[in-house]
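Hydrogens, waters and symmetry mates are skipped; everything else that's a heavy atom, side chains included, is used. Sequence lines set the chain letters: A, B, ... in the order given, protein chains first and strands last, and positions in each chain run from 1. Just so it is clear, the model here is predicted, and its values are computed rather than measured.
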Amino acid sequence: MSSSEVRREHVGRSVGRVDGAAKVTGRALYVDDLPARPGELHGAAVRSPVARGLLRSIELDPAFDWSDVTVVRAEDVPDNVVALLVDDQPVLARTRVNHAYEPVVLLACADRGKLERAVAAVRLELEPEPAVLELEAALAAETVISGPDNVQSRYLITKGAADVEAEDRVAASRAAIERALAGCEVVVSGRYSCHHQEHLYLEPNGMVAWWDADGLHATGSIQCPYYVQKGLCRGLRLPAERVHVTQAVTGGGFGGKEEYPTMLALHAALLAQKSGRPVRMVYGRREDIEATTKRHPAVCEVTTGCDRDGTLRVLSLRALYDAGAYVTLTPVVLSRGVLHAGGVYAWRDARIEGLSLATNTPPSGAFRGFGAPQTLWAIERHVDRVARELGRDPAELKRQNLLRVGDSTPTGQVLRGSVGLAECVTAALEASGYRDKRAAPPRVVGRKARGIGCSVVLHGAGFTGSGERRLQGKVAVDLRPGGRLCIRTASTDIGQGTETVFAQIVADAAGVGLADVDFATPCTTHVPDSGPTVASRTVMVVGSIVERAAQKVAARVRAEQAAAGGSFAAAGDRLLAREGAVSALEQYEPPGWVAWDDARYKGDAYPAFAFACDVAEVEVDLDTFEVRVVGFWCAADVGRAVNPVMCKGQLEGGALQAIGWALTEEVVWRDGRILNPRLTNYIVPTALDAPPFETFLVEAPFEHGPGGGAKGIGELPMDGGAPAVAAAIEHATGLVLDGLPLTPERLLAASLARGEVKP
Amino acid sequence: MSVADLARYELAVPRALPEACQLLAARVASGEPTLLCAGGTDLLVELGMAPPLGAGARPPLCVDLSRLPELGGVERVDRDGPRIRIGAGVSYLALGRHALVEGALPLLARMSHDIGGPTIQARGTLGGNLATGSPAADGVAALAAHDATVVLTSVRGERRVPFAGFQTGYKRSVRQADEIITAFELEPLAPGSPWCWRKVGARQAQAISKVAFAAVAELEGGRARRFGAAMASMAPVTATLPATRALVLGTPLAGLDGEALDRAVAADTSPIDDIRSTRAYRAHAARALARGFLRELGAAV
Ligand SMILES: Cc1cc2nc3c(=O)[nH]c(=O)nc-3n(C[C@H](O)[C@H](O)[C@H](O)COP(=O)(O)OP(=O)(O)OC[C@H]3O[C@@H](n4cnc5c(N)ncnc54)[C@H](O)[C@@H]3O)c2cc1C
């Protein structure tokens, strides 16, 4: 059955969340709500106080009563590795520590008060070594902490004139792009930086682990059950069938529960193994902020060439990402960063180089946008700069250069369709009154100046290049008694609405009611590996096989109905009685035309891109430089909105997260330690800081997307907020800021530098 | 602190002020650890950050002040002229809604809406704000701008301390360990007089002030006959701005010089770099806010 034959009764409608009632009534059990298992202990980690050093010894205070405290050290770990891409990160530090808060010893005790005292009774004897704490220092490589030069991974993308074959492609392409730039009428350079961001999901990381005859069980607040299972198998040397990982109801993730829970599960499992008791580890906010991952800080150096009429021609961009102390997922984050670095523009010649560098900060990790917000911040700020040089309005310059169907991206990917870019730009600019507000000088009332700015962004949905083909994500839909259908998938609902939109897709695909669809608790023992819940892939990639599986099961029931009559439920029950189980297991296969060359970083990076135009209007207090976002307009090409209200919710929530990153969120470091690991001083926006949002859904369907063309949009809204806000501040004040965050203190410093206010 | 930690504290809930004073006096005399709790919005944060109690340590006694009727209420009193007495235990929520406060102490009402968020406003009190002694305390800056009188009560009786003599250093004051702050007495602001409350925080709610500016004025014949002002987060204690006040009170508004005002504000404050902001930013914002209010009063600064 092709998707055009599907009757759409649920997809496209804003049905209520299927998990909503349980969550608002408190019936939903988050990990800390799970009843204590008999004999359960609390676990805690003893962490390094220094950013880098040699671990000389671990001393347990002899005056402390250790009789009821379980102690786990590196020697107790069967295979002391957190399995991800590269085996560089230990579960527990053994001979040295590479970042502050690195776990060294684990403790468990039934009494939480005593556990706290026990942590204080462990003495780590560390010999501090010089640490590398910033990108610039890592690049200078005066202190080398990784490889020959602190460079941990690198990518090179070349297009057009820069696409040269040579032994030393790095140098040859650099020379070639410089020649191309030299031939341009207008050449503009800039340097753009951005900072760490903490996820600050409502529910901190947490895990409960226990052992029984079936092996190891771990239940926690997680995005990716199979990542956790893989890590447990490796670290504890267990076969997959003995490791049972279950997702508890999860209160937000944003990427922060992508790779980190593997570490936490290992800790809880090790303590449970040694103590012979169930162990619960639920982080407090402070530990969660200190020890878990953050968005990668980055610096991008950009030079572009264009014609005097504004036609963008040549892009040269070098992106440096701060990986932190271990590789974790950084190469993949950097990859997404370079793949989005060209932005929404049709460059003729491009050279994009990305380097990740090791530092002695806690590992940077997955965070909504996954590397793209950093390069998009750079390219959007840069095109604003080009507009300034040309004396053009930035939005008009952007519109002039938008990618269209048939154009190619820096990897040479020719856009085949589903490009709603121009519609997005038109919708957002018109709704916001951008042109009129921009035409006049900024409105100043009293000591408050208003300004408006815009950004245009794209975000690839699904794993990069050959990723989905390698991954082979699977889902199953089972027929259950009474004509019910049950979705079994490892794609988790972490608050973003997976359960609801999958139910909508299944209900339409099978022609059943929404109430007849169940969602199985994601547990590695019971659900197939759908791949991780990341990369804006859940709806577009996994949703498409959910749709197919539902169609197949329903077709069997309908055939039975046609053969022997009765209702869908009766026919289903007959089938079940006859066959015992009726189920469809589907595996994802990317569209045949997707071709990707990993070695040369060329080809179809993503089967589809979602697009957006964001417009921010700000009010800047000219006395205090406080910035308020007073309006935010977003038009996003989502392919097809499965649930419009939830889709807008994602776009607006993501925009607010982007506004926080732009204006107030800042991790403050000293000697590799975080000075503000608290809700009171790591400043995320509150409801009062949220501007009125006007969000428009543009639907340029992607032919292979479910529900008639849905694309992934989970990360897209994180991409454009910061550059739009920066452009608006520039319009209001004339202050040009190229580094995030745009705090009042930094605006004041910029104003001082321009001699506008006196020190 | 979580429910699991409750066992670590003992609780006393006195129902009247004399009972509370006696209990406190006895505890102070015996040297046993004792905590006072009004709204608990500072106390619980402090306890949450305190090191764990040692094994077998005596749990402290927490004395709940929130049910003492003597700490409640807002009323007019006469004490060398009309005053408004605000109970130290009145919540910000009640304060912000009280007709008498809205009418005669509009700055205080406005300030109350800016504290933390709705939950904090429902529990937090001015007494707790002052007793904690944080230089960032917004309520205290508002009290200081009004030159409030602090009323302290103990088994030894009641005494009144003018605000200017209350704070003695960072988190230090003239309050004795056995004294409970019972009320504040403030002079009402003449109807229609200018006032300013400006809290500069990192966001619209739940933000400790980087700088807060509180000021009231009563004008007559081109001069300020009353001018009270204070700032939070600009010095180790609430800054009461004596030089600025003297300058404003001593100069016809039309003749006030902006540079002189800047110098006075600078002399009155000693901002620092910390986790929330920078010395330079605070100094700039303080100057700008003071100038802004004086422009409203008619000064050409
Ligand atoms: C999320 C959050 C946001 C906040 N936002 C702000 C803000 O915007 N501005 C601001 O200024 N503050 C803020 N605070 C701090 C706090 O809410 C205020 O200082 C509040 O006024 C404290 O009052 P309380 O009654 O809760 O004090 P409590 O916590 O009950 O007491 C604080 C201290 O004062 C003592 N104490 C209390 N009452 C008396 C009394 N009558 N006599 C003697 N001693 C007493 C207690 O022993 C304790 O040591 C915030 C706090 C939180 C947790």
Give, as side chain, backbone, both or neither, the part of [X] having an atom under 4.5 angstrom from any heavy atom of chain B.
| X | result |
| --- | --- |
| A:Leu679 | backbone |
| A:Arg286 | neither |
| A:Phe64 | neither |
| A:Asp621 | side chain |
| A:Thr664 | side chain |
| A:Leu675 | both |
| A:Arg670 | neither |
| A:Val684 | both |

In terms of side-chain heavy atoms, does [X] have a donor or acceptor partner in [Y] at a distance below 3.5 Å?
| X | Y | answer |
| --- | --- | --- |
| A:Glu745 | B:Ser277 | yes |
| B:Asp268 | B:Thr244 | yes |
| A:Ser221 | A:Asn205 | no |
| A:Tyr201 | A:Asp288 | yes |

Report task. Evaluate side-chain contact (heavy atoms from CB on, under 4.5 Å) for A:Glu665 paired with A:Gln197, printing each intermediate quantity in order. Result -> CA-CA 7 Å; A:Glu665 295 183 38; A:Gln197 184 178 25; 3.2 Å; yes
Please state whether the side chain, the backbone, both or neither of [X] comes within less than 4.5 Å of a heavy atom of chain A.
| X | value |
| --- | --- |
| B:Val211 | neither |
| B:Arg295 | side chain |
| B:Arg198 | side chain |

Query raised in the report: Out of curiosity, B:Leu143 CG to B:Asn129 CG, how far, rounded to the nearest 0.5 Å?
Result: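 If we round to the nearest 0.5 Å, B:Leu143:CG and B:Asn129:CG are 7.5 Å apart.
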Query raised in the report: Do B:Tyr92 and B:His113 have ring centroids that are under 6.0 Å from one another?
Result: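 No: the rings miss the under 6.0 Å criterion.
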Requested in this report: Against chain A, work out which of B:Gln206, B:Lys210, B:Arg203 has the most heavy-atom pairs shorter than 4.5 Å and name it.
Outcome: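 The candidate making the most pairs under 4.5 Å is B:Arg203.
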Report task. Go through B:Ala280, B:Ala285, B:Ala202 and name the one with the most non-hydrogen pairs under 4.5 angstrom from chain A. Result ->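 Maximum pair count with chain A is reached by B:Ala202.
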**Report entry** Closest non-hydrogen atom pair between A:Leu29 and A:Pro35, with its separation
**Finding:**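 So the minimum-distance heavy-atom pair works out to CD1-CD, 4.5 Å.
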Query raised in the report: Using a cut-off of under 4.5 Å for heavy-atom pairs, which of A:Val668, A:Thr680, A:Asn676 has the most such pairs with chain B?
Result: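 Going by pairs under 4.5 Å, I would pick A:Thr680.
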Report task. Using a 4.5 Å cut-off on heavy atoms from C-beta on, say whether the side chain of B:Val140 contacts that of B:Val237. Result ->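 Heavy-atom side-chain distance check fails, nothing below 4.5 Å.
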